[in-house]
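Index from 1, following the sequence. Please read all numbers here as calculations on a predicted model, not as lab measurements.
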Amino acid sequence: MTTPRVPLLLLLWIGLPHLCSTEMFFRRVSEHQAKVLMAHSPASDGKVLHRQKRGWMWNQFFLLEEYTGSDYQYVGKLHSDQDKGDGSLKYILSGDGAGTLFIIDEKTGDIHATRRIDREEKAFYTLRAQAINRRTLRPVEPESEFVIKIHDINDNEPTFPEEIYAASVPEMSVVGTSVVQVTATDADDPSYGNSARIIYSILQGQPYFSVEPETGIIRTALPNMNRENREQYQVVIQAKDMGGQMGGLSGTTTVNITLTDVNDNPPRFPQNTVHLRVPESSSVGTAVGSVKATDADTGKNAEVQYRIVDGDGTDMFDIMTQKETQEGILTVRKPLDYESRRLYTLKIEAENTHVDPRFYYLGPFKDTTIVKISIEDVDEPPVFSRSSYLFEVHEDIEVGTIIGTVMARDPDSASSPIRFSLDRHTDLDRIFNIHAGNGSIYTSKSLDRELSQWHNLSVIAAEINNPKETTRVSVFVRILDVNDNAPQFAVFYDTFVCENARPGQLIQTISAVDKDDPLGGQKFFFSLAAVNPNFTVQDNEDNTARILTRKNGFSRHEISSYLLPVVISDNDYPIQSSTGTLTIRVCACDNQGNMQSCSAEALLLPAGLSTGALIAILLCIIILLVIVVLFAALKRQRKKEPLILSKEDIRDNIVSYNDEGGGEEDTQAFDIGTLRNPAAIEDKKLRRDIIPETLFIPRRTPSAPDNTDVRDFINERLKEHDVDPTAPPYDSLATYAYEGNDSIAESLSSLGSGTTEGDQNYDFLREWGPRFNKLAEMYGGGESDKDS
């Protein structure tokens, strides 16, 4: 048995040994031959096995990126076992880059790349191949897909995402403390060779920091790095591909590392003793001065709390911490007195508020200093014996009586005499005065509690040797009451008594008021000035009294009113009394005692009509009168005809002076030129201010009767005006006799205004009216001129 010939279907051939080795090629051919031999081997049980056509046979082509040759780069060859070499087959290539990036020789099937290919832009290309018969254009091989893979070369250096990094690490950190990790990337293929294998190294920053070659983690390399000695470090890291070997590409980045602060330094006072001065006049809360302890740390590690721990002035001064400046502010706690004590000593302590336990071994994080405060003497103003004074005095004291005395002294060691005065803004009425030497206050006017119960004065004490040093004190004067006012009626009483009143009937309850204010309260007594046969007063003993009748029945026709004097007395010393008079009117009342009328004239009115009924009748009469007046006014308005019925009826300017007018020669009454219709003016009309060469006779209306006298008269007047050099370039016509030939109302002339019979003869107007209307029409007048 002979081995059948294996058809050589050359599907793939790459001419670069480093892309597809000869061993690989022969391995593929051997595998194909083995499959064919197996198909014809006796192990097939005597059956004839036919080779199945596999069509195209390839996996993928390989192409090296960044080819720099001058010719097109050879990719591979497409071949079909149907190709006899006679050029009857045509190879067609389609897909990614077909015809532009990749071209094929349609006769031989050779594929070439037309330009350099960058794997980082596209790592592989998927194309489709087909072989067709040139003559029949039918495919002899089915369309199949293949891949051209781009092999990587090391043409990209490692790059860092940031050119400069910022990192920090606490000071005093142990060796190997992680600071930051930097990572570089390489665009080359990490699955092919070592082009993308990166190794990190440190170029700048030793011996303080180190970097792990594989991970890029930066760590501290020196122990106990102190921020107070150096705070900023700049580290340069290099990333190199090819595993850091020779020929690899590299990139660098910069890392700025800052040592952050920890509390490893205690506060320190720059001086052991601090001297301060404060005037004795400083008020409570006044700042005396400040102390400050310095701390080499920053932020919260440098925050300090101050306190007074010892000294003889712990009760006289306070200290507070100013957070913004980290200073201790000393303030006055109690008033100071130079004459009592002139020097205080304080021991001030400054301590960190945030202490790190890791650094306790460095010692206590606090410090102390001594502060000596000297009290300075100042010329102090006078000091009153009291903060305020209250004097009470009765309102009936005599003018010039002393009501009280204020006292003040000079607190300085060299005592100065004091002069007193009143602030007149607090005593505008000058009711009081004061002795300048001894501070005695006395009255200069009489007092009246009812006008003012309190007086608030201000007394000024000034040193005679230094008048600028003054002190004020408030003096409150309370005026005590004296019974010097008599009681009076509380209100005005409008009292009446009914005509049908019976004896002992209550007609009024009265009360009284008193401006005085006795300590035991007010107590009033009521009585009559004299015995009265008609009325009596009954005291209720509660500061009120009742007025009662003493007889049966009253008559307003005899006496319309009574006057009743009532004596009101108080119960204080000395007793004050007054007499108030009640006016009691006599009125008509109903059976229930309700007042109906108190005047005698009311008896003349009808007994059956009340006041409300009379008011209603009066209102009805007024309404009827108003309706009659309105009706008459409306009727008069209806009869009055309007002066102008419509705006369309106004065609001429009417100037009325209640006379006939000046006739034809009156050319100043109004200007008829404003009534002329511009559309009716002929183009060839002659000017009026020159002599016309030809006189155009106006066209006459056939309906108007001809009259030679009138026509000649008008023509003569026209010629006179035409040759007159002073005549205006237009004629003025004043018509008083006729409205025009189109007027419905015909003549509105005042010729008939003087007659009363109404038998006016209009024959003259009917004969001459149309002629004047025609004349007015010729020169712009008449009602037919619609544009006027």
Once the angle between the rings of [X] and [Y] is folded into 0 to 90°, is it parallel (under 30°), tilted (30 to 60°) or perpendicular (over 60°)?
X	Y	answer
His435	Tyr442	tilted
Phe160	Tyr165	perpendicular
Tyr208	Tyr233	tilted
Phe317	Tyr344	perpendicular

Which atoms form the tightest heavy-atom contact between [X] and [Y], and what is the distance?
X	Y	value
Ala350	Tyr306	CB-CE2, 3.6 Å
Ile479	Ser452	CG1-O, 3.7 Å
Ile218	Ile257	CG2-CD1, 4.2 Å
Glu380	Glu469	C-OE1, 4.0 Å
Glu162	Thr253	O-OG1, 2.9 Å
Lys372	Leu343	CB-CD1, 4.4 Å

Would you check if [X] and [Y] make a side-chain contact, meaning some heavy-atom pair closer than 4.5 Å?
X	Y	value
Val169	Thr220	yes
Asp367	Glu349	no
Val459	Arg472	no
Leu222	Pro207	yes
Leu203	Ile237	no
Ile418	Ile464	no
Val211	Val235	no
Thr401	Val393	no

Evaluate whether atom [atom1] of [X] has more than 12 neighbouring non-hydrogen atoms of other residues, nucleotides or ligands under 6.0 angstrom away.
X	atom1	value
Phe391	CZ	yes
Leu519	CG	no
Met407	CE	no
Gln232	CD	yes
Asn229	CG	yes

With sequence neighbours left out, write down each residue that passes side chain to side chain donor-acceptor pair (under 3.5 Å) with Arg341, or none if nothing qualifies.
-> Asp312
Ignoring hydrogens and geometry, is there a side-chain-to-backbone donor-acceptor pair from [X] to [Y] under 3.5 Å?
X	Y	answer
Thr426	Ser458	yes
Asp410	Ser416	yes
Arg386	Val473	no
Asp427	Ile431	yes
Thr294	Arg268	yes
Glu157	Leu249	no
Lys445	Arg430	no
Gln326	Val304	yes
Asn263	His354	yes
Arg333	Met316	no

Do the charged groups of [X] and [Y] touch, with an N to O distance under 4.0 Å?
X	Y	answer
Arg197	Asp241	no
Glu463	Arg419	no
Glu327	Lys292	no

Are Ser168 and Thr260 linked by a side-chain donor-acceptor pair shorter than 3.5 Å?
->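 Note: Ser168 and Thr260 side chains miss the donor-acceptor criterion.
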Residue pair Asp295 / Asn265, side-chain donor-acceptor N/O under 3.5 Å =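 No, no side-chain donor-acceptor contact under 3.5 Å.
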Return the [atom1] to [atom2] distance between [X] and [Y], rounded to the nearest 0.5 Å.
X	Y	atom1	atom2	value
Asn226	Asp264	CG	CG	5.5 Å
Thr252	Glu163	OG1	CD	9.5 Å
Thr114	Ile103	OG1	CD1	6.5 Å
Arg342	Glu280	CZ	CD	9.5 Å
Phe384	Ser474	CZ	OG	9.5 Å
Ser281	Asp337	OG	CG	11.0 Å

Aromatic contact, Phe476 with Tyr389 (centres under 6.0 Å) = no
Derivation of the side-chain contact (heavy atoms from CB on, under 4.5 Å) call for Leu447 and Phe432 = CA-CA 10 Å; Leu447 304 178; Phe432 301 93; 4.0 Å; yes
Glu212 and Arg219: CA distance, side-chain angles, deciding distance, side-chain contact (heavy atoms from CB on, under 4.5 Å) verdict = CA-CA 8 Å; Glu212 292 183 357; Arg219 299 182 182 275; 2.8 Å; yes
Residue pair Asp261, Glu228: steps toward the side-chain contact (heavy atoms from CB on, under 4.5 Å) verdict | CA-CA 8 Å; Asp261 184 62; Glu228 287 73 33; 3.1 Å; yes
From CA spacing to verdict: side-chain contact (heavy atoms from CB on, under 4.5 Å), Val236, Ile202 | CA-CA 6 Å; Val236 178; Ile202 184 168; over 6 Å; no
